[in-house]
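Accompanying notes for the structure given below.
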Protein chains: 2
Amino acid sequence: MRGPVSRRSGREAEATRDHIVMEVVPRKTTIREVAQAAAVGVGTISRVLNSSSQVSRETRERVLETIRRLGFRPNAQARRILKRRAEMVCFLLSNRDFLHPFHARILQGVESYASGLKQHVLFAALHYSPRTPPDRIDLPPVLQEHGLIDGLILAGTIYPNLLRKIESIHMPFVAFSNNVVGMSDEQQFDQVGFDDFNGMLRATRYLIGKGHRQIVFAGGDISYPWLRRRFEGYRQGMRENKLKAVLIAARSPQSFVDFGQKSIGRILSRQPRPTAAVAGNDEIAYGLWRSLRRHAIKVPDDISLVGFDDREEAVLMDPPLSTVRVHKEEIGEACMKMLLERLHHPRMTFSHRILPTEFVIRGTVRRL
Amino acid sequence: MRGPVSRRSGREAEATRDHIVMEVVPRKTTIREVAQAAAVGVGTISRVLNSSSQVSRETRERVLETIRRLGFRPNAQARRILKRRAEMVCFLLSNRDFLHPFHARILQGVESYASGLKQHVLFAALHYSPRTPPDRIDLPPVLQEHGLIDGLILAGTIYPNLLRKIESIHMPFVAFSNNVVGMSDEQQFDQVGFDDFNGMLRATRYLIGKGHRQIVFAGGDISYPWLRRRFEGYRQGMRENKLKAVLIAARSPQSFVDFGQKSIGRILSRQPRPTAAVAGNDEIAYGLWRSLRRHAIKVPDDISLVGFDDREEAVLMDPPLSTVRVHKEEIGEACMKMLLERLHHPRMTFSHRILPTEFVIRGTVRRL
DNA sequence: TTAGGGTGTGGAACCAGTTCCAAGCTTCTT
DNA sequence: AAGAAGCTTGGAACTGGTTCCACACCCTAA
């Protein structure tokens, strides 16, 4: 038909003779076969598939019918070469032992928004130390090839060296900003996060509105920027009501739950005794609650409690925890949206979107 | 150089003139440019990249040096056309409101095993009704294109119609079998699961070993095959000790936690009063525990409790729940492994791998 | 009647790798 | 010394959609 004898058929015959037959793919229909079957040119098929330029109604219908009849599904790879778009992004989770529900829901937000736009989402994980120099960071396989993905959504704990590495391979990215650590302010990149400061401010105001005056902040390790911001929100709330801010900080590195459990003594021994505790996050709140239960101190009758994040723990506690809800799916959606904008406008100035949080009233705050 | 005047450069010049300049990709190096720079043929570059056939040591080094110098990264898409392998699989989660920790950890197992073999993992979600006929199931975009992924790992609740649909597009797959529902036994496909029956049998024996004789099974809706299997494990344990099996089943559809909370009355009112309850899963166990707490009935002093799954709830409970641990990452790993085998041996007979579970002793069982 | 504009269509050239044949150069065998 | 065999290597042909130029055709206006 075209050129010399087809090489493919020669190879196939040989394979059959030797009984090696791999038959990876059962010889898929190509656009040229469809063109021949529908008695049109290949260009027309392509035009129908991309529903782009004008094709006469009858031709279009004939082509579609042929496509259906032959069960033709275009090869994704071939299309991408010329499109210069993979229509695929990677959700990269860094430095997490496992995919916690918090990030799982962000991923889910990314996926649901992406799939509506026929974009695909790859999941990859990465472990590196904050002190690994950029050129020694071992990126996952997805980022070693070129053209596999169009961009990156970074989640997990993000240190400057990782950003530098990503920038060095010229891969567009958006970072979930709340867990970005140690970044100088002039460092510019696209980011989406939620509002630590105002979330905690709102929670603090709520407690004050309920008549609480002696409120402590159980913050754990305040060197984490997000806990710092939450603390500042709490402090702002106290200051505007002329109340004294009290920070219970971690003395040694430990898990949040452990910190909560162990710091309850330091809270209860204060004079005057606090009527409420604001926890830096739900895990700390859970630790506090558990310890209080063991001391037979009732929440909220003896002490009120609020958390931050609205994790699973919050509803599992008894009474369920009043906390600051973070809309995790929405964060994922916003990340994906911003990444697509970046891809369409590579020279656009960097943006930093901060999503609002919501205070959820459940059962751990008592009116004084 | 070759052919008529390059079309690309013409288009670029025009774009610049009109100030539209998209510059999606900053003009990547191609294999031909590398070949020219290294003064070898394109075939040689390809051979070096695939470290396949023999290339002389000095040529290989010269090529590698040139690749480094030009910062060349081969285009993933082009390679895939001829390789006829996407080196990518899709983790498809069906009929879940969100990516629960349980499945998140399976996904993580898939990813960590895959990335070690330079395979990529796409995440996609799907919602469909058990009664949607196969041809009406709206598969996610990944599965509508052809050649994007090599195979599929199915998780979430899987009904026969979905399998039929997947089979109809000739996509190799492995299913996480514990949540497969309504499948006739002759239906053959690759699957990986864990051992509901023996897990519960082990747990029941453990309770009996601790001296318990009046043990009820809080099973919820036993029409789920996996709960049925767990119940059978419990029954077997009771039977082999000549004890009477008691099933507390759900009377109406409700969440597992709700069922646990509401069925505590039915358990405690039995005569003689049970000394232990076996829950169909950790959520039910959590519901039971919460209700017991409110009735001021102590676990394990007044009643012992065991669960199944080892979810987050288990360690959050106080005392932490003794339960049957499922190795979620291992399931993911086994799924990925089986899928790769299937891809390499398309005609291999179907396999069904059942992974063992492990009983974890924590604090909810008392010795009588 | 003819020029001009718009629409519809075929197909060669293209993308960026891979594959394989042929040919050049050694080295080994007889 | 001639031929065989082995190792390298270049490059044409290939993969399978996409793009764009050229051309056919139809309709309208002068």
Side-chain angles (χ1 to χ4, degrees), chain A residues 1-11 14 24-25 27-36 38-60 62-63 67 72-87 145-148, chain B residues 1-11 14 24-25 27-36 38-60 62-63 67 72-87 145-148:
Chain A
M1 196 152 291
R2 83 184 117 75
V5 60
S6 162
R7 234 194 285 157
R8 154 178 296 283
S9 57
R11 224 189 305 152
E14 191 180 352
V24 178
V25 174
R27 187 68 194 95
K28 275 292 165 183
T29 328
T30 74
I31 204 174
R32 274 167 247 267
E33 286 162 2
V34 179
Q36 184 147 53
V40 294
V42 287
T44 303
I45 307 291
S46 180
R47 278 183 287 262
V48 170
L49 287 175
N50 297 291
S51 56
S52 62
S53 354
Q54 55 286 67
V55 178
S56 72
R57 227 173 56 82
E58 64 179 324
T59 310
R60 154 167 282 119
R62 183 153 43 95
V63 168
I67 287 176
F72 170 70
R73 267 153 75 225
N75 182 303
Q77 251 72 45
R79 157 180 266 150
R80 278 142 211 261
I81 294 186
L82 276 109
K83 290 276 187 200
R84 279 152 196 289
R85 270 289 154 74
E87 292 163 331
E145 284 182 275
H146 173 251
L148 230 188
Chain B
M1 194 152 293
R2 83 184 117 78
V5 59
S6 163
R7 238 193 283 158
R8 153 180 295 284
S9 56
R11 226 190 304 152
E14 190 180 354
V24 179
V25 174
R27 189 67 196 97
K28 275 292 167 183
T29 328
T30 74
I31 205 173
R32 273 167 249 266
E33 284 161 3
V34 178
Q36 184 147 53
V40 295
V42 289
T44 304
I45 306 291
S46 180
R47 279 182 287 258
V48 170
L49 287 174
N50 297 292
S51 56
S52 61
S53 356
Q54 55 284 66
V55 179
S56 72
R57 225 171 59 81
E58 63 179 323
T59 310
R60 154 167 282 121
R62 183 152 44 94
V63 168
I67 287 176
F72 169 71
R73 266 152 77 226
N75 182 303
Q77 250 73 46
R79 157 181 266 151
R80 277 141 212 264
I81 294 187
L82 275 108
K83 290 277 186 199
R84 281 151 196 289
R85 270 289 154 74
E87 290 163 332
E145 285 182 275
H146 174 250
L148 231 189

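In what follows, chains are A, B, ... by sequence order, proteins preceding strands, each numbered from 1.
In this structure, CG of B:Asn50 is placed 5 Å from P of C:dT18, rounded to the nearest angstrom. Look at CZ on B:Arg32: it is 12 Å from P on D:dG11, rounded to the nearest Å. What separates CD of A:Gln77 from P of D:dT15 is a distance of 16 Å, to the nearest Å. Protein atom CZ of B:Arg79 is 14 Å distant from nucleotide atom C1' of C:dT19, rounded to whole Å. Remark: P of C:dT19 and CD1 of B:Ile31 are 11 Å apart, rounded to the nearest angstrom.
Where B:Ala78 and B:Gly43 meet DNA chain D, the nucleotide closest to each residue was compared, and B:Gly43 sits on the side nearer the 5' end. In terms of position along DNA chain D, the nucleotide closest to B:Glu58 lies nearer the 5' end than the nucleotide closest to the other residue of the pair B:Leu82 and B:Glu58.
The backbone N or O of A:Thr30 sits less than 3.5 Å from a side-chain atom of A:Glu33, completing a donor-acceptor pair.
Within the 4.0 Å cut-off from OP1 or OP2 of D:dG16, not a single side-chain nitrogen or oxygen of B:Arg80 is found. The phosphate of D:dG10 (OP1 or OP2) has a side-chain N or O of B:Thr44 nearer than 4.0 angstrom.
When the nucleotides C:dA16, C:dG8, D:dT18 are ranked by their closest atom to the side chain of A:Val42, D:dT18 comes out on top. For B:Thr59, the listed nucleotide lying nearest its side chain is D:dT9; candidates were D:dT9, D:dG16, C:dT18. Proximity note for A:Ser46 (side chain, C-beta onward) versus C:dG17, C:dG10, D:dT18: the nearest is D:dT18. For B:Lys83, taking side-chain heavy atoms from C-beta onward, the closest of the listed nucleotides C:dG10, D:dG16, C:dT18 is C:dT18.
Counting any heavy atom pair closer than 4.0 Å across all strands shown, B:Ala39 reaches sugar-phosphate atoms only and no base atom.
The overall bend of the helix from C:dT1-D:dA30 to C:dT30-D:dA1, read as the angle between its terminal helix axes built from five base pairs each, is 50° when rounded to 10 degrees.
Of all the heavy atoms in B:Arg85 and B:Arg80, the pair that sits closest is O-CG, 3.2 Å.
Between the side chain of B:Arg47 and the base of D:dG10, at least one donor-acceptor pair of N or O atoms lies under 3.5 Å.
Between B:Glu87 and B:Arg79, no side-chain nitrogen of the basic residue sits less than 4.0 Å from a carboxylate oxygen of the acidic one, so the salt-bridge criterion is not met.
The shortest distance between side-chain heavy atoms of A:Leu49 and A:Ile31 falls below 4.5 Å. Two residues are said to be in side-chain contact when any heavy atoms from C-beta on lie closer than 4.5 Å; B:Lys83 and A:Gln77 fail this criterion.
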